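These numbers were taken from a predicted model, which means no experiment stands behind them.
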Amino acid sequence: MKAAAHPRSVDPMELLQAESSEDANLIAVRDINVDLYGMRILENVSFNVREGEIVAVIGPSGCGKTTLLRVLAGLVAPTAGEVRIAGERVVAPRRDLAVVFQDYGKALLPWRNARENVALALEARGVPRSEHLQYIRPLLSLVGLSEHEEKFPRQLSGGMQQRLQIARALAQEPRVLLMDEPFGALDAMTRRTLQDEMLAIAKRTGKTIFFVTHDLEEAIYIGDRVLGLLPRPGRLSTVFEVDIPRPRDQVATPEHPNFVKLRRQLFDFIHSAEGK
């Protein structure tokens with residue numbers, strides 16, 4: 001039997017140079033600096049994300065993870081550097097980038113039912129109202145909400161509300177899903193269920209996903225790679241390759257030797273970063 005390969009960390013600049021000529025790169029982040037309120041939040045951050053890849057970002061609190069995601073989304077302008085999607089510079093929010101926020105309660109419109117919340121993205125796209133259902137119902141089915149289209153957010157559980165936010169994001173028909181702690185506010189069982197649903201959606205749609213998480217096991221379970229940010233200012237220190245086969249399973253995957261070793265590597269990285 002072939003021995004399992006050790007999970008490995010990669011120097012980010014070596015990785016950037018190795019990928020710079022690849023046509024498969026969808027997102028290119030180059031030398032990003034962000035200064036806010038007189039403070040340097042991010043410094044010299046560079047990396048690529050390939051088409052269809054799932055990339056997680058970890059780091060201690062205050063290292064700029066959410067700021068980095070907002071820069072990718074066009075919600076925060078970098079002080080220096082640039083982000084390009086399919087070769088086009090990101091200077092403002094755009095339809096091919098959809099953001100899924102942690103606070104689903106504030107992201108959904110309480111006066112609209114599930115169907116109407118998804119319709120919001122279609123309205124922004126200019127899709128005729130007569131065509132809405134042909135988009136909405138397959139998306140609600142994809143996230144397991146087919147029987148709840150008439151319910152309002154207050155009538156849905158937290159997990160259902162987050163599924164609804166994901167359906168609305170997909171209705172935008174984005175190339176990239178940007179997810180900020182998407183399951184952080186949910187209980188452990190619901191979080192695991194949505195992790196598996198997220199992987200199923202990624203496989204079915206082929207979307208590129210970039211997500212922020214504090215949960216090290218979640219980063220490994222979902223991601224193809226994990227970016228490690230150091231704090232004060234936030235800067236890319238290490239890129240961890242997730243060498244674990246797919247499909248993944250909530251019981252078997254955490255027992256895989258590479259999962260165990262990578263979990264220790266990420267723990268050691270966070271512990272060291274918190275001391276800096």
| query | So, does Ser46 use its side chain to make a donor-acceptor pair with the main chain of Arg30 at under 3.5 Å? | reply | no

| Do the side chain of Asn117 and the main chain of Arg112 share a donor and acceptor less than 3.5 angstrom apart? | yes

| Counterpart residues, side-chain contact (heavy atoms from CB on, under 4.5 Å), relative to Thr253 (two or more places apart) | Tyr221, Ile244, Arg248, Asp249, Phe259

| remark: Those residues at least two apart in sequence (or on a different chain) that pass side-chain contact (heavy atoms from CB on, under 4.5 Å) with Ala86 are Leu26, Arg175

| request: Side-chain contact test, heavy atoms from C-beta onward, threshold under 4.5 Å: evaluate it for Val57 versus Phe47 and give yes or no. | output: no

| note | Contacts of Phe211 meeting ring pair (Phe, Tyr, Trp, His ring centres under 6.0 Å) (sequence neighbours excluded), chain-then-number -> none

| Any donor-acceptor pair under 3.5 Å linking the side chain of Gln172 with the backbone of Leu97? | yes

| said: So Ile222 and Phe183, do their side chains get closer than 4.5 Å, heavy atoms only? | reply: yes

| request: Could you list all the ring pair (Phe, Tyr, Trp, His ring centres under 6.0 Å) pairs where at least one residue sits in residues 54-97, not counting sequence neighbours? | output: none

| request: For atom CD of Glu150, decide whether the heavy atoms of other residues, nucleotides or ligands shown that lie under 6.0 angstrom number more than 12. | output: yes

| Of all heavy-atom pairs between Cys63 and Lys65, which one has the smallest distance, and what is that distance? | SG-CG, 3.3 Å

| field | Contact list for residues 135-144, test salt bridge (Lys or Arg N to Asp or Glu O under 4.0 Å), sequence neighbours left out | value | Arg137-Glu149

| Are Gln102 and Thr66 side-chain neighbours, meaning at least one heavy-atom pair lies under 4.5 Å? | no

| said: Restricting to side-chain hydrogen bond (donor to acceptor under 3.5 Å, both in side chains), what partner residues turn up for Arg94, sequence neighbours left out? | reply: Asp96

| message | Tell me whether the count of non-hydrogen atoms from other residues, nucleotides or ligands lying under 6.0 Å of CZ in Arg115 goes above 12. | response | yes

| Who are the side-chain hydrogen bond (donor to acceptor under 3.5 Å, both in side chains) partners of Glu173, not counting sequence neighbours? | Arg125

| Asn44 side chain near Asn33 side chain, heavy-atom distance below 4.5 Å | yes

| Would you say Glu241 and Asp243 make side-chain contact, with heavy atoms under 4.5 Å? | no

| task | State plainly whether the residues Asp224 and Arg50 are in salt-bridge range, i.e. N to O under 4.0 Å. | result | no

| Partners of Thr79 by side-chain hydrogen bond (donor to acceptor under 3.5 Å, both in side chains), sequence neighbours excluded? | none

| side-chain hydrogen bond (donor to acceptor under 3.5 Å, both in side chains) partners of His148, counting only residues at least two apart | Lys151

| message | Please enumerate all residues that pass ring pair (Phe, Tyr, Trp, His ring centres under 6.0 Å) together with Phe101, with sequence neighbours excluded. | response | none

| task | Using a 4.5 Å cut-off on heavy atoms from C-beta on, say whether the side chain of Leu72 contacts that of Val49. | result | no

| To the nearest 0.5 Å, what is the distance between CZ (Arg168) and CG (Leu122)? | 11.0 Å

| Mind checking what makes side-chain contact (heavy atoms from CB on, under 4.5 Å) contact with Ala114, not counting sequence neighbours? | Leu164

| Is there any salt bridge (Lys or Arg N to Asp or Glu O under 4.0 Å) pair reaching into residues 192-207, and which pairs are they, with sequence neighbours excluded? | Arg163-Glu197

